Amino acid sequence: METRECIRTRRSIRRFTDQDVPDDVLNEILEAARWAPSWSNTQCWEIIVVKDAETKQKLAGLCAPNNPATKGVASAPVVLVLCGRKGVSGYKQGQLDSVKGDWCMFDLGIAAQNICLAAHDMGLGTVHVAWIDNKEIDNLFNLPPDVESFELIPLGYPAKEGKAPQRKELSEFVHWEKFGNNQKPN
Ligand SMILES: Cc1cc2nc3c(=O)[nH]c(=O)nc-3n(C[C@H](O)[C@H](O)[C@H](O)COP(=O)(O)O)c2cc1C
């Protein structure tokens, strides 16, 4: 699929068929995370691949009440748990080197979207799921103290296409030369 078409047509998918994700496809999707850019190439990501039904059920139980993605987490053939190592992105020789603090979540966001776009390119569906009980997920996987969970990505073949929620117009967030100058010059 052409890159811009992939970006435009990717939707959040919350219902999946029972069809398994072949290993080579899963590997290709994980490779997309591997090639994401990161702060000084620090690559803070740690990804747990969950196929076990009981663990997926536990993860669904750790979604916020009324999270629309809960069923998708329980029923997707694969759930990726996106975790990040704190204290590396934005740091030089162990010292924070950025006024913005730890860039881990930023880098993970890029890697996560690479995953979603690569999956969509291969006909699979995903959704970012961050409305979750992160502390309990950290406990579930016994994460070391410097690693935290950030989001879940259920992954599988879409059972139902997603509808595109409305987007802001460019004129609502693009500023030309000066902040507040939203009219594109001729
Ligand atoms: C950081 C992040 C967290 C999200 N968390 C959830 C979530 O917990 N549950 C859910 O159903 N969707 C979640 N979403 C999906 C958004 O609702 C969705 O991307 C947005 O409505 C736009 O729809 P689209 O992805 O189909 O373009 C999340 C998206 C992002 C980027």
Side-chain angles (χ1 to χ4, degrees), residues 1-17 21 29-30 32-33 35-39 43-50 55-86 89-90 100-141 143 147-174:
M1 195 185 295
E2 196 272 325
T3 307
R4 279 172 293 159
E5 185 195 349
C6 188
I7 291 169
R8 272 190 190 246
T9 60
R10 177 217 55 84
R11 291 279 72 77
S12 290
I13 299 298
R14 299 179 175 86
R15 294 285 179 278
F16 302 92
T17 68
V21 180
I29 289 168
L30 295 169
W35 288 101
S38 60
W39 202 93
Q43 306 169 65
C44 68
W45 37 76
E46 304 283 347
I47 302 173
I48 305 171
V49 180
V50 177
T55 311
K56 285 188 281 183
Q57 205 61 52
K58 284 183 186 165
L59 288 171
L62 294 173
C63 289
N66 302 323
N67 189 327
T70 304
K71 264 196 187 157
V73 170
S75 64
V78 178
V79 177
L80 302 177
V81 184
L82 273 278
C83 305
R85 193 171 293 280
K86 306 301 294 289
S89 181
K100 294 289 185 194
D102 199 313
W103 282 79
C104 183
M105 188 155 66
F106 190 93
D107 291 351
L108 267 184
I110 300 171
Q113 187 63 357
N114 269 14
I115 286 174
C116 295
L117 290 173
H120 178 50
D121 184 41
M122 290 188 281
L124 283 90
T126 58
V127 55
H128 296 278
V129 184
W131 193 20
I132 51 178
D133 186 336
N134 290 90
K135 272 272 149 277
E136 283 306 315
I137 291 174
D138 296 355
N139 292 338
L140 179 65
F141 292 103
L143 298 184
V147 177
E148 284 178 18
S149 64
F150 284 85
E151 72 163 12
L152 310 174
I153 303 184
L155 173 71
Y157 291 91
K160 200 174 156 219
E161 293 303 327
K163 257 208 189 142
Q166 220 183 342
R167 284 341 202 232
K168 288 181 181 178
E169 296 299 330
L170 290 185
S171 59
E172 293 179 84
F173 66 91
V174 177

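Given the structure is predicted, the values throughout are model-derived calculations rather than measurements. Order of appearance sets the numbers: ligands from 1, and atoms from 1 within every ligand.
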Open item on the list: Counting only heavy atoms not in Phe106 (residues, nucleotides, ligands), do more than 12 fall under 6.0 Å from its CZ?
Closed with: no
TODO: Examine the proximity of ligand 1 to Val127 and report which part, side chain or backbone, both or neither, has a heavy atom under 4.0 Å away.
DONE: side chain
Open item on the list: Just to be sure I read this right, does ligand 1 sit under 4.0 Å from the backbone of Arg167, its side chain, both, or neither, counting only heavy atoms?
Closed with: side chain
Task: Top protein contact for atom 11 (O) of ligand 1, by heavy-atom distance - done: Arg14 NE, 2.8 Å
Open item on the list: If we only consider heavy atoms of Gln113, is any one of them less than 4.0 Å away from an atom in ligand 1?
Closed with: no
Open item on the list: Students should be able to answer this: which protein heavy-atom is nearest to atom 14 (N) of ligand 1, and at what distance?
Closed with: His128 O, 3.1 Å
Task: Side chains of Ile132 and Leu59 in contact at under 4.5 Å (non-hydrogen atoms) - done: no
Open item on the list: Quick test: of every protein heavy atom, which one is nearest to atom 3 (C) of ligand 1, and how far off is it to 0.1 Å?
Closed with: Ala130 CB, 3.5 Å
- [ ] Could you check Gln113 against Arg10 for side chain to side chain contact (heavy atoms under 4.5 Å, CB included), going step by step and ending with a plain yes or no?
- [x] CA-CA 10 Å; Gln113 187 63 357; Arg10 177 217 55 84; 3.4 Å; yes
Task: Met105 CE: over 12 foreign heavy atoms closer than 6.0 Å - done: no
- [ ] Please say whether Arg11 places an N or O atom under 3.5 Å from an N or O atom belonging to ligand 1.
- [x] yes
Open item on the list: Do Trp39 and Cys44 make a side-chain contact, defined as non-hydrogen atoms from C-beta onward lying under 4.5 Å apart?
Closed with: no
Task: Salt-bridge present (Lys86, Glu148; N to O < 4.0 Å) - done: yes
Task: Shortest protein contact, atom 21 (O) of ligand 1 (heavy atom only) - done: Pro165 CG, 3.8 Å
Open item on the list: Using a plain distance cutoff, I'd like to know if Ser12 has any nitrogen or oxygen under 3.5 Å from a nitrogen or oxygen of ligand 1.
Closed with: yes
TODO: Of all the heavy-atom pairs spanning Glu46 and Val147, show the shortest one and how long it is.
DONE: CG-CG1, 4.3 Å
Open item on the list: If the cut-off is 4.0 Å to any non-hydrogen atom of Trp131, which atoms of ligand 1 fall inside it?
Closed with: 8 (O)
TODO: Please write down residue, atom name and distance for the protein heavy atom closest to atom 9 (N) of ligand 1.
DONE: Asn67 OD1, 2.7 Å
- [ ] Report, as yes or no, whether the 6.0 Å neighbourhood of atom CD on Glu169 holds more than 12 heavy atoms from other residues, nucleotides or ligands.
- [x] no
